Protein chains: 2
Amino acid sequence: MAIINNQFKIGQVAKLTGLSVKSIRYYHDIGLVQGKRNEAGYRLYSDADINSLNFIHQCRDLGFSLEHCQHLLSLNNNQQRQAENVRQLAIEHLAEVNQKITKLEKLKRDLEQMIGHCQGGKQSKCAILDGINKA
Amino acid sequence: MAIINNQFKIGQVAKLTGLSVKSIRYYHDIGLVQGKRNEAGYRLYSDADINSLNFIHQCRDLGFSLEHCQHLLSLNNNQQRQAENVRQLAIEHLAEVNQKITKLEKLKRDLEQMIGHCQGGKQSKCAILDGINKA
DNA sequence: CTTGACTCTCCTGTTACTGGAGAGTTTACC
DNA sequence: GGTAAACTCTCCAGTAACAGGAGAGTCAAG
């Protein structure tokens with residue numbers, strides 16, 4: 001009963017995870033997921049490595065920085081973890097997301113207002129420029 | 001009847017515009033607002049330069065990239081401009097802002113949902129990690 | 001045995017600056 | 001007049017998370 005432990009080269013890993021080869025190399029460089037090397041120096045990734053890379057991919061999609069991904073990954077791999085720690089990270093991240101949204105919505109309102117007042121066309125008078133200049 | 005044309009040094013300009021000295025130098029380097037130099041090589045800015053810097057500051061606050069700021073500034077300084085061009089830039093920028101908002105709101109929902117399901121505490125079971133892993 | 005697909009390691013560029021070193025300039029004060 | 005503080009200058013490095021590309025080595029198929 002052999003334990004099958006696949007070793008994938010970076011191109012295969014890219015296809016399996018949806019990450020770019022460049023990203024995977026980058027994660028290697030910064031020590032996030034390193035895998036092994038074969039005799040020729042090619043990077044080799046195990047199933048567990050693939051899982052880690054998928055995990056990171058998901059975290060990135062949720063907007064976490066690589067530093068946070070690092071942290072989350074170590075919590076994910078640690079059976080002694082406390083859910084509260086993960087929760088705190090997520091809550092902090094959510095707060096940042098909310099801040100960004102708030103800021104962008106103000107931009108949105110300001111832009112919409114200016115655009116609404118600008119009649120466009122060939123004239124040089126422009127409510128948008130006026131708005132920017134008077135501010 | 002002398003025409004008063006003040007020439008400000010970079011530190012004064014920083015105070016007048018609210019920009020950092022570093023930013024002003026950077027705008028100089030990339031050719032955005034250059035002013036003059038005195039004999040000692042110090043940068044000197046006129047009232048018109050200050051206006052341009054204020055204009056850029058406002059555009060930055062509206063989230064425009066420096067490249068867009070450049071473009072808007074040249075439209076602002078061009079009496080032959082057509083308001084439509086400005087309007088188009090603003091509309092495109094607004095579209096980008098809206099895209100970002102949409103993306104962030106999806107992140108917000110996803111994060112809130114996961115956080116809502118995570119009970120936290122000292123246990124290792126964590127709905128957030130589960131959510132990331134299953135995705 | 002060669003050709004094409006893959007992989008490797010550098011190096012540069014991206015955006016809009018910030019921080020800092022080392023050196024010259026100006027200003028204020030005694 | 002001298003000097004010390006404040007200001008300015010030009011590099012250079014770093015930031016986040018990679019992408020693009022050069023030049024060279026490796027591997028599999030025909």
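Predicted model, so just to flag it, every value in this text is computed and none were measured.
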Enquirer: Does B:Gln119, at its CD atom, have more than 12 non-hydrogen atoms belonging to other residues, nucleotides or ligands within less than 6.0 Å?
Expert: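 No, CD of B:Gln119 has 12 or fewer neighbouring heavy atoms, counting only those of other groups under 6.0 Å.
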
Enquirer: One character per nucleotide, please: for nucleotides 11-24 of chain C, 5' to 3', B when the base has a protein heavy atom closer than 4.0 Å, S when only the sugar-phosphate does, - otherwise.
Expert: -----BBBBB---B

Enquirer: Using atom CD of A:Glu39 as one end and atom C1' of D:dC27 as the other, report the distance to the nearest whole Å.
Expert: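 Nearest whole value for this atom pair: 12 Å.
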
Enquirer: Using atom CG of A:Asp29 as one end and atom P of C:dC8 as the other, report the distance to the nearest whole Å.
Expert: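 Taking atom P of C:dC8 as the reference, CG of A:Asp29 is at 10 Å.
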
Enquirer: Is A:Ile50 reachable from A:Leu44 through a run of I, L, V, M, F, W or Y residues, each pair having side-chain heavy atoms under 4.5 Å apart?
Expert: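 No; tracing contacts between hydrophobic side chains, which count when under 4.5 Å, never links both residues.
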
Enquirer: Taking C-beta and beyond as the side chain, do A:Phe55 and B:Ile132 meet within less than 4.5 Å on heavy atoms?
Expert: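 In short, these two side chains touch, coming nearer than 4.5 Å.
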
Enquirer: Can B:Arg25 and B:Asp29 be counted as an ion pair, charged N to O under 4.0 angstrom?
Expert: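 No, B:Arg25 and B:Asp29 are not salt-bridged.
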
Enquirer: Please determine whether a side-chain nitrogen of the Lys or Arg among A:Glu96 and A:Lys100 lies less than 4.0 Å from a carboxylate oxygen of the Asp or Glu.
Expert: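 Looking at A:Glu96 and A:Lys100, the cut-off is not met.
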
Enquirer: Quickly work out the A:Gln70 CD to D:dA16 C1' distance and round it to whole Å.
Expert: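 Those two atoms, CD and C1', are 15 Å apart.
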
Enquirer: Do the side chains of A:Arg109 and A:Glu105 get close enough for a salt bridge, i.e. N-O under 4.0 angstrom?
Expert: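 A salt bridge is absent here (no side-chain N lies under 4.0 Å from a carboxylate O).
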
Enquirer: Grab the CD1-C1' distance between A:Ile10 and D:dA19 for me, whole Å please.
Expert: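 So the two atoms are 14 Å apart, to the nearest Å.
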
Enquirer: Without decimals, in angstroms, what is the distance between A:Arg37 CZ and D:dC27 P?
Expert: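 Taking CZ of A:Arg37 and P of D:dC27, I get 14 Å after rounding.
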
Enquirer: Could you tell me how far apart A:His28 (NE2) and C:dT7 (P) are, to the nearest whole angstrom?
Expert: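 It is 15 Å, rounded to the nearest whole Å.
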
Enquirer: Could you give the CD1-to-P distance, from A:Ile30 to D:dT15, as a whole number of Å?
Expert: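 It works out to 12 Å between those atoms.
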
Enquirer: Atom CZ of B:Phe8 and atom P of D:dC7: how far apart are they, to the nearest Å?
Expert: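 Whole-Å distance recorded here is 16 Å.
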
Enquirer: Any side-chain N or O of B:Arg43 less than 4.0 Å from the OP1 or OP2 oxygen of D:dT10?
Expert: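 Yes, such a contact exists.
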
